[in-house]
Every structure is written in structure tokens, then in C-alpha cells.
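Numbers restart at 1 for each chain; the letters A, B, ... are given by sequence-line order, proteins then strands.
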2 protein chains.
Amino acid sequence: MTEGWERRLREHGFRITPQRQLVLEAVESLRHGTPEEILVEVQLTASGVNLSTIYRTLEVLEEVGLVTHAHIGHGPPTYHAVDEDIHIHLVCDRCGTVQSVPATVATEFVAQLEGGYGFRTDIAHVSVHGMCASCKDRDFESEADDPL
Amino acid sequence: MTEGWERRLREHGFRITPQRQLVLEAVESLRHGTPEEILVEVQLTASGVNLSTIYRTLEVLEEVGLVTHAHIGHGPPTYHAVDEDIHIHLVCDRCGTVQSVPATVATEFVAQLEGGYGFRTDIAHVSVHGMCASCKDRDFESEADDPL
DNA sequence: TGGTTGCTGCGAATCATTCGCAGCAACGGG
DNA sequence: CCCGTTGCTGCGAATGATTCGCAGCAACCA
Ligand SMILES: [Mn+2]
Ligand SMILES: [Mn+2]
Ligand SMILES: [Zn+2]
Ligand SMILES: [Zn+2]
């Protein structure tokens, strides 16, 4: 459990509740979790918790800096604890696989956007889309096979 | 109107319809358009066209390579004609402004992902999120002002 | 310990997108 | 040019994710 989570909430004027503790624990134990997945995890301990509470709680936890979210593919966002290693998701639009790579691969890119446009990039917020290595290979094969 | 759009559709086994022509024209004249916005534009000419047709048509036009889409912020995707200059959207998560920058700023980053992971990045598919220059400045000010 | 007021559960509303289906129309063959 | 096949379309309903409104409960402070 993240050290000082109660203080963090209180400092921002929020109350400490069992629901908030459970949601934070769930985000930390699942390492990537959508609101629905977090609900299921929370309900293992407290079956009465409602999905709308999950949404509201994640919003609060994000506001006080205890969790962040990232967008992988189209579906719902996935939540992470802030203490995790920051990583970028590479999403293959062909086969749907998701690969995590260290955020440091983008250091130069981030610096360029900061230098050129004064833009402070949150590189992990959205995924990078494209085609993975194996789909690329499969593409070459079929091109070679195709007459014309 | 994109040259050869009819051939493009026929080559993939699709029929030529007024709706498809109108949607393509709408995407080209609006330069960024959500399905709803495209509907409105199309209905200026043909008021009977239905939203579900817009969705189905965009899917087809994308499949044959006449349009692409990008995700800006959370809402619905925005469609572009393929002949447009490729640009990246920088979205400020603080104030919501969207700035377009040439995709070439990412050349090195894209090369790094290709070299290191064999991943072929479609850099314009999703936006880069973060904080714009003016929001950054405003942040510094308030920090300076704040007693504590 | 009690009052204030923030939080929660619940059900309904909203928003974007997708589906099912019956009728229409594009287009290739005759 | 005309017909039959079958892809496309409009329409209304279904779906999935997220948000709202509200009444009752509970965290917290005095
Ligand atoms: Mn987001
Ligand atoms: Mn997309
Ligand atoms: Zn792939
Ligand atoms: Zn901004």
C-alpha cells in the first residue's frame, strides 16, 4: 500500500473511507486495471461496492496523485499506481497485442516537444499505435506470395 | 475530391454510392471531422442520410485507404482525408487546447521504436497528451504566489 | 456525542457506437 | 436496356461505458 495515502487524501480535503482504501489496493495488486476489473477485485472483499463508486473514487485518487490512467486501444482506460515504473504501451492495430517498453525510449522525443513547443509531454498517458514486428513480417510474406 | 476514389472502392469489391461520395467529400472539406460533424455536413446536401451509414461508410473508406482517423482527447475520433499533411496533435490535459505539429518531429522516435522493437509506428493515430506552454507558465506563477 | 456535510448505493439518463432487419438500388450478365 | 442478385441504406432498438440525481449513511470535527 502506498505510504501516506491517507495524508494525501486529507490534505486535499477528502475523507478516508473503506471504499477508497479498497480501490487503491486493487489498483496496486492488479497492475493494469479497468474500472470493471477493479470493481471485481474490490468486490472480493466488499461485495456491496458499486461501479459508480469505482469511477468516482478513481477520479479522486487520480486528483490527489495516487493513481494515473493510460489509454490502451479503444476500450476503457486502465489505471496504474503512481509508484509503478513508467512504461509506454505499443499497441498493434493488426493483431491487438500490447507490448510494454520503458518510457526512456521517448526521452529525446519528449525533450524535442518541450524545446520546440514548450509542451510538457505525459508520454505514458496514451499508447503508441502501429504494427508489431510479427505482423509486419506476415505482411511481407503475403506480398511476396501475391501474384501482382 | 481524391483522384481515383471510385476505382479504389471497386478494387476492394465495394459499390459506388452517393452516400460514400458525400462522406468522402465531407471529410475532405472539414479537415478534422467526427462522425456527428460529418453527418451534419453530409445532410446539408442529402438530409436523409443516417448516422449509422456515416459510421459504416467511414469504416469502408478507411479500409480502402481513402481516410484515416486520429484520437484527440477522450471523445469520438476525428477523420482526415489521406492526402492531408500528416500531423500530430498535442493535447493539453489542463486547458484542453489542441495544437498540430508536423509529424516529422517524431521521425527519430519512430526510428527508435522500429530499430529497437521492430514496431512500425503510426504516429498520427493517437494524440500526445501533456501540458501546453501557457498552462505550464500559469503553474509556475501560482507556485511562486502560494505562501508555503 | 451530535451536527454538518461529504460519500455511497442505486437506478435512471446520457453518449457513442453497433446491430438486425426489411426494402432499395448498384451493377454485371443476358 | 432490363432483371436478378446481393450489397447498402434507413430506422429503431440494443449495447457498453460513463455520468447524474437523490436519499440515506457515515467520517470527522467541535
Ligand atoms: Mn485520459
Ligand atoms: Mn483508433
Ligand atoms: Zn501485431
Ligand atoms: Zn493548456
Minimum heavy-atom distance A/Thr97-A/Cys132, with the two atoms named |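 Shortest heavy-atom contact: OG1-SG, 4.2 Å.
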Can you see which heavy atom on A/Arg31 is nearest to which on A/His80, and at what distance?
->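 Heavy atoms of A/Arg31 and A/His80 come nearest at O-ND1, 3.7 Å.
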Using atom [atom1] of [X] as one end and atom [atom2] of [N] as the other, report the distance to the nearest whole Å.
X: A/Gln21; N: D/dA26; atom1: CD; atom2: C1'; answer: 16 Å
X: A/His69; N: D/dA17; atom1: NE2; atom2: P; answer: 16 Å
X: B/Asn50; N: C/dC24; atom1: CG; atom2: C1'; answer: 15 Å
X: A/Arg20; N: C/dG6; atom1: CZ; atom2: P; answer: 11 Å
X: A/Tyr55; N: C/dT8; atom1: OH; atom2: P; answer: 16 Å
X: B/Ile38; N: C/dT17; atom1: CD1; atom2: P; answer: 11 Å
X: A/Phe14; N: C/dG6; atom1: CZ; atom2: P; answer: 11 Å
X: A/Ile16; N: C/dG6; atom1: CD1; atom2: P; answer: 15 Å

Can you find a donor-acceptor pair, distance only, under 3.5 Å between B/Arg15 side chain and D/dT6 base?
->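 Pair found.
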Quick one: the side chain of B/Arg56 and the base of C/dT18, do they pair up donor-acceptor inside 3.5 Å?
->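 No, no donor-acceptor pair under 3.5 Å.
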Consider the side chain of [X], meaning its heavy atoms from C-beta on, and name the nucleotide among [options] that approaches it most closely.
X: B/Ser52; options: C/dC7, D/dG12, D/dG7; value: D/dG12
X: B/Pro35; options: C/dG9, C/dT17, C/dC7; value: C/dT17
X: B/Pro76; options: D/dA26, C/dT17, C/dC27; value: C/dT17
X: B/Leu51; options: D/dG10, D/dT5, C/dT17; value: C/dT17
X: B/Thr17; options: C/dG9, D/dC8, D/dA26; value: D/dC8

Quick one: which of A/Val82, A/Leu22, A/Ile38 gives a side-chain contact (heavy atoms from CB on, under 4.5 Å) with A/Val27?
->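 Of the listed options, the one satisfying the test is A/Ile38.
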Looking only at side-chain N and O atoms, does [X] come under 4.0 Å of OP1 or OP2 in [N]?
X: B/Gln19; N: C/dA25; result: no
X: A/Thr53; N: C/dG9; result: yes
X: A/Arg10; N: D/dA27; result: no

Mind checking A/Gly48 for me? I need base, sugar-phosphate or nothing, with any heavy atom below 4.0 Å counting as a touch.
->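 Sugar-phosphate only.
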Select base, sugar-phosphate, or nothing to describe what B/Glu36 touches, counting heavy atoms under 4.0 Å on all strands.
->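 Nothing, no nucleic acid heavy atom in range.
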Just wondering, more than 12 heavy atoms not from A/Leu30 lying within 6.0 Å of its CG?
->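 Yes, the 6.0 Å shell around CG holds more than 12 heavy atoms from other groups.
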Exercise: do A/Asp122 and B/His129 side chains pair donor with acceptor under 3.5 Å =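 Distance-only check fails for A/Asp122 and B/His129.
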